[in-house]
Amino acid sequence: MSSINKPLRLIFPQWQGGDNPPYYLGSQLLAWLSPDPKGAVEEVPVPKPTGEPLQEENGIVGRSILIDQLSKARQLIEKHTPDSLVVLGGDCLVSLAPLLMAS
């Protein structure tokens with residue numbers, strides 16, 4: 001059995017994919033409630049909800065914002081080349097960057 005010695009905790013307060021602003025606070029609460037990290041911690045920069053509606057682009061609400069966030073998440077993952085990854089927060093889209101890294 002191999003030991004995992006290089007985990008990364010990725011705090012990803014993405015709320016735009018589900019157009020659900022409470023997800024932003026939810027990720028912060030998850031990070032606060034979680035046990036102390038055993039490795040590096042990074043937070044994907046995500047703008048706080050402002051109450052302004054998101055724009056639809058090519059049939060996707062907030063498309064350019066989401067693509068930018070996934071790109072930043074990927075950069076953070078590449079920076080650390082972790083053995084394991086814990087993603088806290090966001091909607092189901094936050095799991096896309098780790099899956100893209102595996103391909």
Side-chain angles (χ1 to χ4, degrees):
M1 179 165 88
S2 66
S3 65
I4 297 173
N5 58 12
K6 198 173 171 191
L8 171 62
R9 178 178 290 184
L10 190 65
I11 302 167
F12 200 162
Q14 195 259 53
W15 58 272
Q16 294 91 341
D19 198 9
N20 195 343
Y23 285 175
Y24 187 90
L25 176 59
S27 69
Q28 305 302 313
L29 291 173
L30 280 173
W32 181 73
L33 288 168
S34 296
D36 289 336
K38 303 289 187 222
V41 177
E42 292 282 1
E43 183 168 348
V44 179
V46 173
K48 292 180 182 178
T50 64
E52 295 293 319
L54 297 171
Q55 299 298 312
E56 185 176 315
E57 307 164 48
N58 297 336
I60 300 172
V61 175
R63 182 180 188 275
S64 60
I65 294 168
L66 296 169
I67 290 171
D68 182 57
Q69 291 171 9
L70 288 173
S71 174
K72 288 176 179 169
R74 184 177 181 141
Q75 290 170 11
L76 293 170
I77 295 167
E78 287 175 344
K79 172 182 167 184
H80 292 279
T81 60
D83 294 328
S84 65
L85 185 61
V86 176
V87 181
L88 300 177
D91 61 23
C92 57
L93 183 63
V94 300
S95 36
L96 188 58
L99 290 174
L100 291 173
M101 294 298 298
S103 59

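Sequential numbering from 1 along the given sequence is applied to the chain's residues. Small disclaimer: the values here were computed from a predicted structure and weren't measured.
Qualifying side-chain contact (heavy atoms from CB on, under 4.5 Å) partners for Glu57, counting only residues two or more places apart in sequence or in other chains: Arg63, Ser64.
To the nearest 0.5 Å, the span separating CG on Asp91 from CG on Leu66 amounts to 7.5 Å. Distance CG/Leu76 to CZ/Arg74: 12.5 Å, rounded to 0.5 Å. Note that NZ of Lys6 is 3.0 Å distant from OG1 of Thr81, once rounded to the nearest 0.5 Å. Atoms CD1 and CD1, from Ile65 and Ile60 in turn, are 12.5 Å apart once rounded to the nearest 0.5 Å.
Minimum interatomic distance between Leu8 and Pro82 (heavy atoms only, all atoms of both residues): CB-CB, 3.6 Å. In terms of heavy-atom proximity, Pro7 sits nearest to Ser84 at CB-OG, 3.3 Å. When all heavy atoms of Ser34 and Leu88 are compared, the closest pair comes out as OG-CD1, 3.6 Å. Here the shortest heavy-atom pairing between Ala31 and Ile11 reads CB-CD1, 3.7 Å.
Screening residues 25-44 for salt bridge (charged side-chain N to carboxylate O under 4.0 Å, His left out), with sequence neighbours left out, gives Glu42-Lys79.
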Name the atoms and distances for all side-chain donor-acceptor pairs under 3.5 Å in residues 15-26, with sequence neighbours left out.
from  : atom 1 : to    : atom 2 : distance (Å)
Trp15 : NE1    : Pro47 : O      : 2.9
Gln16 : OE1    : Gln69 : NE2    : 3.1

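Note on Val46: it clusters hydrophobically with Leu54, by side-chain heavy-atom contacts below 4.5 Å among ILVMFWY residues.
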Residue pair Val44, Gln14: steps toward the side-chain contact (heavy atoms from CB on, under 4.5 Å) verdict: CA-CA 8 Å; Val44 179; Gln14 195 259 53; over 6 Å; no
